[in-house]
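Notes follow once the structure below has been shown.
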Number of protein chains: 4
Amino acid sequence: MTNTERPLAISAPEPRTLDLIFSDKARGELYAKYEIVEADPENIAGLGDDILGKARYIIGQPPLSADTLGRMPQLRSILNVESNLLNNMPYEILFQRGIHVVTTGQVFAEPVAEIGLGFALSLARGIVDADVAFREGNEMWGGEGNTSARLIAGSEIGIIGFGDLGKALRRVLSGFRARIRVFDPWMPRSILEENGVEPASLSDVLTQSDFVFVVASVTSDNRGFLGADAFASMRKGAAFILLSRADVVDFDALMAAVASGHIVAASDVYPQEPLPSDHPVRRLKGFIRSAHRAGALDVAFKKMGDMVLEDMDLMDRGLPPMRCKRAERETVSRMRSKPVSVN
Amino acid sequence: MTNTERPLAISAPEPRTLDLIFSDKARGELYAKYEIVEADPENIAGLGDDILGKARYIIGQPPLSADTLGRMPQLRSILNVESNLLNNMPYEILFQRGIHVVTTGQVFAEPVAEIGLGFALSLARGIVDADVAFREGNEMWGGEGNTSARLIAGSEIGIIGFGDLGKALRRVLSGFRARIRVFDPWMPRSILEENGVEPASLSDVLTQSDFVFVVASVTSDNRGFLGADAFASMRKGAAFILLSRADVVDFDALMAAVASGHIVAASDVYPQEPLPSDHPVRRLKGFIRSAHRAGALDVAFKKMGDMVLEDMDLMDRGLPPMRCKRAERETVSRMRSKPVSVN
Amino acid sequence: MTNTERPLAISAPEPRTLDLIFSDKARGELYAKYEIVEADPENIAGLGDDILGKARYIIGQPPLSADTLGRMPQLRSILNVESNLLNNMPYEILFQRGIHVVTTGQVFAEPVAEIGLGFALSLARGIVDADVAFREGNEMWGGEGNTSARLIAGSEIGIIGFGDLGKALRRVLSGFRARIRVFDPWMPRSILEENGVEPASLSDVLTQSDFVFVVASVTSDNRGFLGADAFASMRKGAAFILLSRADVVDFDALMAAVASGHIVAASDVYPQEPLPSDHPVRRLKGFIRSAHRAGALDVAFKKMGDMVLEDMDLMDRGLPPMRCKRAERETVSRMRSKPVSVN
Amino acid sequence: MTNTERPLAISAPEPRTLDLIFSDKARGELYAKYEIVEADPENIAGLGDDILGKARYIIGQPPLSADTLGRMPQLRSILNVESNLLNNMPYEILFQRGIHVVTTGQVFAEPVAEIGLGFALSLARGIVDADVAFREGNEMWGGEGNTSARLIAGSEIGIIGFGDLGKALRRVLSGFRARIRVFDPWMPRSILEENGVEPASLSDVLTQSDFVFVVASVTSDNRGFLGADAFASMRKGAAFILLSRADVVDFDALMAAVASGHIVAASDVYPQEPLPSDHPVRRLKGFIRSAHRAGALDVAFKKMGDMVLEDMDLMDRGLPPMRCKRAERETVSRMRSKPVSVN
């Protein structure tokens with residue numbers, strides 16, 4: 001096989017890099033199987049027709065015009081290595097031609113679910129505050145330190161959103177014999193039931209749970225849908241754990257609900273990132289803070305490269321991609337409103 | 001049924017109380033089914049022969065002489081509502097007569113396992129330190145805050161000791177797809193395998209794990225069996241989580257291993273409890289501290305009463321107890337060396 | 001809401017009927033939410049432009065011309081209530097327009113998996129032959145009747161094909177602690193691993209298994225891919241269980257391998273259906289026969305209607321279908337070669 | 001170590017043999033670690049005081065008098081390699097001295113559970129009758145052959161008895177998402193709940209189940225406790241699967257209930273074994289027959305030897321046995337009424 005026989009892939013993964021998303025082994029495989037053309041994402045059109053005419057894949061989501069796409073008759077897929085979809089290419093043309101636009105945000109599901117469970121256990125057992133008190137010589141011993149302690153076993157849990165992240169949460173919760181209710185208006189009941197969770201209304205999830213995990217994406221429809229009323233409807237002492245995007249909650253109302261002692265909370269995301277040094281959440285008791293770190297593990301980024309390789313292998317063989325998530329004609333316009341990737 | 005027909009149980013649960021270990025509902029059931037004689041634990045012998053002669057159960061572990069036992073021909077069981085066995089009664093006589101000495105320490109397994117997993121996730125993801133930094137305005141955002149972050153999924157886990165606590169740990173870890181090795185010299189290989197864990201040597205558990213959980217009881221044989229060599233043999237950056245008794249480790253060596261940066265650790269137990277205010281572990285970086293709070297939840301204590309009722313019901317019907325754990329002739333002398341209960 | 005405001009669905013489910021695929025309750029919901037126009041499948045074009053112009057869904061897969069599709073601007077989905085795709089409509093136009101062609105064959109996965117496990121247990125323990133012998137007074141008692149008996153627990157299992165059926169098989173096998181290898185060239189390794197099975201070559205599946213389940217669809221590529229060499233490579237005494245289509249095996253070679261005593265087998269499918277009364281498989285020892293009954297349970301057909309309703313509900317709300325399986329541009333031509341539905 | 005330093009074990013496993021219960025490897029280990037004295041089970045007393053005085057273990061359950069036991073001061077355990085306990089030794093002395101009498105019947109749990117599930121699937125799907133019809137050219141194709149077919153998934157299941165066998169059944173049923181109710185009057189509710197099944201009354205188990213599995217041992221109390229009323233109370237078309245002992249049912253009533261078409265059934269055990277050649281069960285439609293073959297697999301017998309070795313190893317080290325099941329002072333007299341072993 002000569003060099004020119006390898007399928008051609010245009011590399012434009014900015015703001016990520018091939019080094020971030022491919023392990024050494026995977027990058028070796030990428031270069032062995034494909035002719036990789038590293039491109040300036042702002043000037044894909046500047047690549048010659050020789051390259052555009054042969055390109056089978058684009059790794060990244062550079063801006064693309066209808067004209068440029070017209071010069072790429074072999075294109076099979078745009079493998080977006082972020083989680084969000086920018087509105088920078090004519091999706092309708094891509095869907096008509098059957099060019100798959102896929103995303104790799106699923107890699108963050110497992111890390112986010114693990115830290116989410118860590119937040120829940122920390123809130124339930126006061127792990128952070130107990131350690132801080134111990135450092136300062138103010139610890140409470142034995143049962144005296146457990147007046148508000150709770151178990152996850154036997155508790156009722158609510159999950160808002162049941163995409164990859166919700167499924168990963170259910171998995172790490174599977175050893176706890178908890179009752180799990182899920183609110184996800186985009187998901188048929190029977191699929192939730194097959195995943196071993198109970199379909200529920202938002203109201204039931206809020207009012208019947210000891211722990212509420214929010215893993216819903218922001219869409220054009222659900223901005224701020226969890227506000228003061230939602231928090232007031234929760235059980236006294238329940239835990240609210242925010243893992244997706246700050247925009248789905250009214251953050252001030254969340255802080256107020258925690259400040260009042262009605263609920264406790266943890267969050268990985270904020271209305272502004274980074275957050276001003278005088279933001280009141282920094283001093284809020286009953287709140288565990290994490291600086292948008294839930295998903296951004298090296299091991300997760302490296303999985304992106306593996307997914308890209310697995311789907312390119314399927315498409316090389318004339319099969320549809322299965323590993324990454326495909327953008328959908330119906331929802332691409334709603335999802336592309338997401339301002340940033342999960343991490 | 002007249003009052004006198006109810007079986008008689010002597011109540012001497014000190015240092016615990018019936019109110020601690022029985023929910024209202026369970027205490028109601030206790031008094032409805034049994035004639036309860038509350039007794040001074042230091043003077044069981046002072047109860048008249050009328051009472052001793054009828055007593056079927058003792059709730060608690062008051063000192064008992066051979067003579068007193070001789071006056072209790074109907075005695076079927078001593079239901080010890082602590083976890084340890086004091087050397088304050090002639091066990092040999094009890095075993096000969098088939099009087100079951102049972103303990104209820106199993107109630108702590110679930111709470112200890114949950115906080116143990118909470119410690120592991122906190123160490124893996126830096127939950128405590130990240131929150132403290134955030135409070136102080138020094139937080140690191142996104143991937144920059146994750147340079148030492150790790151997943152439990154896909155990791156290798158070691159558990160030292162596979163009694164009720166080890167089994168509860170395995171259960172809460174079951175959603176993580178981790179490889180779990182167990183060292184427990186008292187446990188046949190095949191039982192470990194049936195529980196879905198791999199039997200392993202102590203050395204393999206120490207050297208092959210990313211997370212090591214210590215849930216072994218202290219016995220007359222294993223005092224300080226985890227020392228400087230053990231910690232040195234662990235993987236760089238691995239987490240050591242101590243949940244049973246401080247006496248199984250050389251605590252100074254543990255602190256040194258953490259101080260050197262070789263491992264991170266969490267502990268619920270200490271060589272002295274409470275700990276002096278100037279103890280160096282209070283300032284040790286890479287260490288999560290908990291003040292013997294892992295098991296002492298109200299919900300756990302209340303389960304003791306439920307277990308006592310379930311086993312008394314079995315024994316009332318001429319069956320052996322199944323719910324509590326029976327003291328064993330072979331090990332009672334080893335286990336009674338335990339200075340305090342799990343909590 | 002007036003009648004005319006309900007979305008319009010054309011019903012042409014032949015050879016099935018609405019009564020077969022909808023429970024009373026589901027059919028009630030269907031008629032309440034939609035205006036249903038029952039149509040002659042051979043003459044969809046004959047429906048007036050009034051109906052075609054409003055039609056949002058077609059239930060069934062009647063022949064459709066490009067011209068007829070052109071008269072249906074509101075069409076969102078063709079909900080095929082069989083498992084196969086006939087080559088009777090211009091799929092390329094449908095894909096371009098984003099009209100979802102979906103199938104409901106997934107309903108058969110659970111029934112087929114259950115009978116498949118039933119075949120495996122019957123072969124492993126000689127359930128059929130032992131009962132027949134008992135009827136005739138020739139039964140062997142105790143261990144004497146178990147000379148070729150085997151357990152599934154601790155065995156090695158191979159699955160060929162890992163679509164809905166393979167996943168359902170894995171689920172019913174999950175209580176057996178068996179090692180499961182899967183051969184599926186259309187499926188990325190990592191997805192198999194996430195499902196708790198081991199990706200393997202066809203050769204490994206055949207040579208390393210005590211039980212081989214075949215649940216692969218027939219495609220234009222794999223006709224007869226399991227022949228005399230495949231059966232010869234299997235372990236002596238292993239069980240071969242055919243659940244998808246007879247065309248994936250060389251049926252004569254399968255019978256020969258069983259007749260020779262090298263393997264045992266069960267099959268639900270045959271080269272001809274019905275089978276001539278003198279076909280030699282009828283008398284073959286070591287073979288369990290089932291007359292294409294694995295999936296065709298009423299409870300499965302009724303689930304089709306539920307799936308159709310769930311996906312129409314999603315599409316009514318502008319979301320993509322999730323419950324049924326979508327035909328894929330890449331594979332529709334391969335899959336449509338399947339001559340009959342799973343059942 | 002010289003030969004005489006090995007602990008001495010008396011071998012009297014009749015009616016079983018060491019070859020049946022030990023694999024080659026295990027028997028090698030047995031002879032390497034222990035001095036084995038093969039004895040006539042009818043004349044243990046005839047062994048000299050030299051042997052009796054040193055004997056640590058007896059493998060088997062030969063008749064033993066108080067006098068003979070008095071000559072065996074080192075005896076730690078009688079490892080009964082059947083499932084039943086004969087009334088041929090003074091148990092009270094054994095319990096007083098703390099000599100463990102253990103049984104190995106647990107080895108049959110897994111094989112019995114697997115064939116039990118095989119019976120259930122065969123009854124639910126008509127596997128046996130469909131194959132017999134196919135042999136004779138009378139098979140029904142597709143849905144026509146499924147008029148009485150049912151799924152286990154989504155069904156309600158009752159288990160009567162929750163010892164090792166009940167637990168093994170629950171395990172093989174774990175992939176089916178069925179609701180499992182258990183009746184076991186010897187078992188505390190909370191243990192059933194921890195095993196993921198619902199404690200229920202006998203009446204609820206009978207009237208609310210689609211499949212009823214009977215795995216209860218015969219005791220002096222429960223002979224024939226399942227009679228005509230029990231069968232009449234079952235759901236029309238439900239399946240009754242008898243796996244323990246025929247004596248727990250009124251077998252004539254069971255046959256009548258099946259003959260009437262009210263229920264279907266399978267049984268591994270019979271009032272007489274072997275059964276007369278003209279017994280009416282042989283011709284009974286709706287009944288699957290198995291000739292006491294459920295447990296007697298070679299692989300199960302070989303596990304007995306492994307269990308014996310594991311427990312002897314624990315006892316050699318001064319620990320109590322954990323692998324085999326101990327006879328209990330309270331129930332030994334009830335259980336020893338069992339006329340034969342599980343297999």
Side-chain angles (χ1 to χ4, degrees), chain A residues 26 76-77 91-100 106-107 109-110 162-164 167-168 171 184-194 196 199 219-221 303 305-324 326-335, chain C residues 26 76-77 91-100 106-107 109-110 162-164 167-168 171 184-194 196 199 219-221 303 305-324 326-335:
Chain A
R76 295 190 192 172
S77 181
Y91 290 115
E92 193 49 35
I93 292 176
L94 295 167
F95 287 118
Q96 275 177 24
R97 285 180 49 189
I99 296 167
H100 298 290
Q106 183 189 339
V107 300
E110 201 161 61
F162 203 70
D164 294 322
K167 288 185 190 112
R171 210 160 43 228
D184 188 329
W186 291 23
M187 188 70 77
R189 292 181 65 84
S190 65
I191 293 183
L192 296 176
E193 287 162 354
E194 283 180 11
T219 68
S220 38
D221 303 332
K303 220 168 149 181
D306 296 338
M307 288 170 68
V308 162
L309 282 172
E310 288 193 314
D311 268 349
M312 298 199 325
D313 180 66
L314 290 172
M315 290 185 278
D316 287 342
R317 294 154 58 208
L319 297 169
M322 296 187 58
R323 179 72 276 201
C324 304
R326 294 189 225 173
E328 300 274 6
R329 215 187 281 240
E330 287 89 344
T331 51
V332 68
S333 65
R334 303 195 202 185
M335 298 309 290
Chain C
R76 296 191 190 170
S77 180
Y91 290 115
E92 191 51 34
I93 292 177
L94 296 168
F95 286 118
Q96 275 178 25
R97 285 180 49 189
I99 296 167
H100 300 290
Q106 183 188 338
V107 299
E110 203 162 58
F162 204 68
D164 294 321
K167 287 184 190 115
R171 212 161 43 229
D184 188 331
W186 290 24
M187 188 70 77
R189 290 183 65 85
S190 66
I191 292 184
L192 295 176
E193 287 162 355
E194 282 180 13
T219 68
S220 38
D221 302 333
K303 221 168 151 180
D306 296 338
M307 290 170 67
V308 162
L309 282 172
E310 288 193 314
D311 268 351
M312 297 200 324
D313 180 67
L314 289 171
M315 289 185 278
D316 285 342
R317 294 153 60 207
L319 297 169
M322 296 185 60
R323 179 71 275 202
C324 304
R326 294 191 225 171
E328 300 273 7
R329 217 187 278 243
E330 287 88 344
T331 50
V332 67
S333 65
R334 303 197 203 184
M335 298 308 290

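Chain naming here is simple, since letters A, B, ... match the order of the sequence lines and numbering starts at 1 in each. Nothing here was measured: the structure is a model prediction, and the numbers come from that model.
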Are any non-hydrogen side-chain atoms of [X] and [Y] less than 4.5 angstrom apart?
X: A/Asp313; Y: C/Pro188; value: no
X: C/Ser190; Y: A/Met307; value: no
X: A/Arg76; Y: C/Glu330; value: no

Residues in side-chain contact (heavy atoms from CB on, under 4.5 Å) contact with C/Ala26, at least two apart in sequence or another chain: C/Phe22, C/Ser23, C/Asp306, C/Leu309

What I want to find out is whether A/Lys167 reaches C/Glu194 closely enough, with some N-O distance under 4.0 Å, to be called a salt bridge. no

Taking all heavy atoms of A/Pro320 and all of C/Thr331, pick out the closest pair and write down the distance. CD-CG2, 3.9 Å

Looking only at heavy atoms, what is the nearest atom pair of C/Leu314 and A/Trp186, with distance? CD2-O, 3.4 Å

Heavy-atom proximity to chain A below 4.5 Å, by part of C/Arg329: side chain

Name the option with the most non-hydrogen atom pairs under 4.5 Å to chain C; the candidates are A/Glu310, A/Met187, A/Met322. A/Glu310

Residues in side-chain hydrogen bond (donor to acceptor under 3.5 Å, both in side chains) contact with A/Arg171, at least two apart in sequence or another chain: none

Scored by heavy-atom pairs under 4.5 Å with chain A, the best of C/Met315, C/Lys303, C/Arg97 is C/Arg97

